[in-house]
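In what follows, chains carry the letters A, B, and so on, assigned in the order in which the sequence lines appear, proteins first and then strands, with residues in each chain numbered from 1.
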Protein chains: 2
Amino acid sequence: MLSRHVRYFLAVAENGGFTRAALALHVSQPALSQQIKQLEESLGAQLFDRSGRVTRLTDAGETYATYARKALRDLEEGKRAIHDVTDLSRGSLRIGLTPTFTSYFAGPLVESFHKRYPNVSLSLREMPQDRMEALLAVDVLDVGIAFDDVRSAEVETVALMIESLALVVGRRHPLAKRRRVGAQDIAGESLILLTEEFATRELIDRYCRENHIQPTVAIEANSISAVVESVRRTTLSTLLPAGIASGSRDLFAIALEPQTLQRTAALLWRKAAYRSAAAQAFTVLALDLSSQFQAGGSHPLSD
Amino acid sequence: MLSRHVRYFLAVAENGGFTRAALALHVSQPALSQQIKQLEESLGAQLFDRSGRVTRLTDAGETYATYARKALRDLEEGKRAIHDVTDLSRGSLRIGLTPTFTSYFAGPLVESFHKRYPNVSLSLREMPQDRMEALLAVDVLDVGIAFDDVRSAEVETVALMIESLALVVGRRHPLAKRRRVGAQDIAGESLILLTEEFATRELIDRYCRENHIQPTVAIEANSISAVVESVRRTTLSTLLPAGIASGSRDLFAIALEPQTLQRTAALLWRKAAYRSAAAQAFTVLALDLSSQFQAGGSHPLSD
DNA sequence: ATGATCCATAAGAAAAACCGATGGCCAGCA
DNA sequence: TGCTGGCCATCGGTTTTTCTTATGGATCAT
């Protein structure tokens, strides 16, 4: 990585002579003579004292050698640093999230990624899918977790799992013990729903139209946790990914029958973009985790 | 002195593209493609993301670039170290200056340096301290004259003198004959001050807050000479290093009592950097001159 | 002196780097 | 959607750099 001139110079300095250095470098001795001569000319100073029996550095040579060695060390360090980056002992990853994923999928994913690669710094930003796609396209995000019906042609996807919405209720809700419900059950519900800026809400509205039902929307909120906490404390219900209820004792996710209220969760990134080692590792982990969600019976809606 | 591979790599990184870099280097674009490809192979990592419209560094590339630049600086420093002749019959010195020093301290210093070493070429650049520290760190400047509270960890300092701000007024100003003034005198003044981009202004603002005074700021200017000329021609006053007034008949520097408005001027250079003979001679001269300022009664605020 | 070592120089051979031509790939635009 | 311009990769053939071998001059110990 250093020019021949400098490498040869250091070799001669270290070996205390042209002949020995030539031997060590597996080149002929005249090759060294020439290179060093050129270096001396370009630096405008004599680097070696060849007058005596042994070749030694001049003052100028001694001075230059310290800097040359430093430069060499820098380059070798750079080489090591690269491998550190690719083996994920550092680096960074900017992740975009659709709000509904933040709680139940992104949580475990980020946790396991951070556990495995603690030195990769993560940036998590929750945002609507439209915005996410735009930010991916201009390379402000590395990867997104959202749904597979992307609008932007610059974004490509890999499906993670099918996410089904369930009726989520609190322990005091009349339907709390039911295993499954149908559209007609929903029709009589008083719901608390996300506002229309969420893709989830659009999906629900379409579902209601298609099934010709008009459940009461008792409360609207623009935050998942507000919805969840309200459901927990009232006899209102909501429609959310079933995963959100898992892990919470007093929340029950009741499957919809038939399961028409579903969409495909996906990993998003810019088409043909360079994918950093961190991004690739994240992808692997995400696919892994999602297959657990799918296969393992733990996912309430996978059956 | 760096191998072609690395030099080309840096050029592509800096120019943001192969084509532009090729132009800058006066080689063909394929030559760059080949060299970079070889470098990437030898490092076992992709250095550039060529997928999009613009070519940009990958994480690995970014990492390597910092080390490569460091190596380059080392070699250039080595070159200068060689050329640096101890008798100062040639050489060069790149000096950074905080604006307030330009007039009264740097002037005499540069004058005496140039008188003593006429063959050393000088480069004087006025700039804010932050910028100065950055340029010192990347070896674009040899030495800086600023204040001793540096932010960068890569810069070290040697104190020159304590610089006290004084109330500077013109001959027609009511306080022109006073020997000293207090904070309460300042409170009633109409001032013309430097803008907030100057460290001096920050210092003054803090002083006012601490003394609970709010003098009128009649004029703001971002140039020392503008301030000085205005003070000379009006009955407005300003707060500036007392030294600025010395040597000018119709400017009067009135000491503040107590002297709380002061800071330590210092010489700055990059930590552990090679210091050329010129830089060392400059340091000696600067310390010498500053002790004259301090000791000799000529400095209006030294008593 | 003499032989052993060491480095410099010269000239041709080998290797590396380079150039121009060409083609593919995006991205912006009609 | 197809066109176009900008950008990079690849491919032969050429130029430049670097290397090798052969040789000669200098130094130093014997």
Exercise. From the options C/dC19, C/dA17, D/dT20, select the nucleotide whose nearest atom is closest to the side chain of B/Ala31.
Key: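 Closest nucleotide to the B/Ala31 side chain: C/dC19.
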Self-check item: Side-chain donor-acceptor pair present, A/Gln129, A/Glu133, cut-off under 3.5 Å
Solution: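 There is such a pair (donor and acceptor under 3.5 Å, judged by atom type) between the side chains of A/Gln129 and A/Glu133.
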Exercise. Check the side chains of A/Thr283 and A/Arg275 for a donor-acceptor pair under 3.5 angstrom, ignoring hydrogens and angles.
Key: yes
Under a 4.0 Å threshold between the charged nitrogen and the carboxylate oxygen, would [Y] count as salt-bridged to [X]?
{"X": "A/Asp149", "Y": "A/Arg263", "result": "no"}
{"X": "A/Arg56", "Y": "A/Asp49", "result": "no"}
{"X": "A/Arg69", "Y": "A/Glu14", "result": "yes"}

Quiz item: Which atoms form the tightest heavy-atom contact between B/Glu40 and B/Phe48, and what is the distance?
Solution: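 Heavy atoms of B/Glu40 and B/Phe48 come nearest at OE2-N, 3.4 Å.
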Atom [atom1] of [X] to atom [atom2] of [N]: distance rounded to whole Å?
{"X": "A/Glu154", "N": "C/dC25", "atom1": "CD", "atom2": "C1'", "answer": "15 Å"}
{"X": "B/Leu23", "N": "D/dC8", "atom1": "CG", "atom2": "C1'", "answer": "15 Å"}
{"X": "A/Ile36", "N": "D/dC19", "atom1": "CD1", "atom2": "C1'", "answer": "15 Å"}
{"X": "A/His26", "N": "D/dT18", "atom1": "NE2", "atom2": "C1'", "answer": "18 Å"}
{"X": "B/Asp49", "N": "C/dC25", "atom1": "CG", "atom2": "C1'", "answer": "14 Å"}
{"X": "B/Phe48", "N": "C/dC25", "atom1": "CZ", "atom2": "P", "answer": "22 Å"}
{"X": "B/Leu25", "N": "D/dC8", "atom1": "CG", "atom2": "P", "answer": "13 Å"}

Quiz item: With a non-hydrogen cut-off below 4.0 angstrom, is B/Tyr8 in contact with a base, only sugar-phosphate, or nothing?
Solution: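 Sugar-phosphate: the residue B/Tyr8, judged by heavy atoms under 4.0 Å, touches backbone atoms but no base.
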Please tabulate the protein-to-nucleotide N/O contacts below 3.5 Å involving nucleotides 15-17 of chain D, giving atom names and distances.
none

Exercise. Give the B/S/- string for nucleotides 6-12 of chain C, one per nucleotide from 5' to 3', where a protein heavy atom under 4.0 Å of the base yields B, of only the sugar-phosphate yields S, and otherwise -.
Key: SBBBBB-
Quiz item: What do you reckon, is CZ of A/Arg7 surrounded by more than 12 foreign heavy atoms closer than 6.0 Å?
Solution: yes
Quiz item: More than 12 foreign heavy atoms under 6.0 Å from NE2 of A/His114: is that the case here?
Solution: no
Practice problem: Answer yes or no: is there a donor N or O on one side and an acceptor on the other, between the side chain of B/Thr58 and the main chain of B/Leu47, under 3.5 Å? | Solution: yes
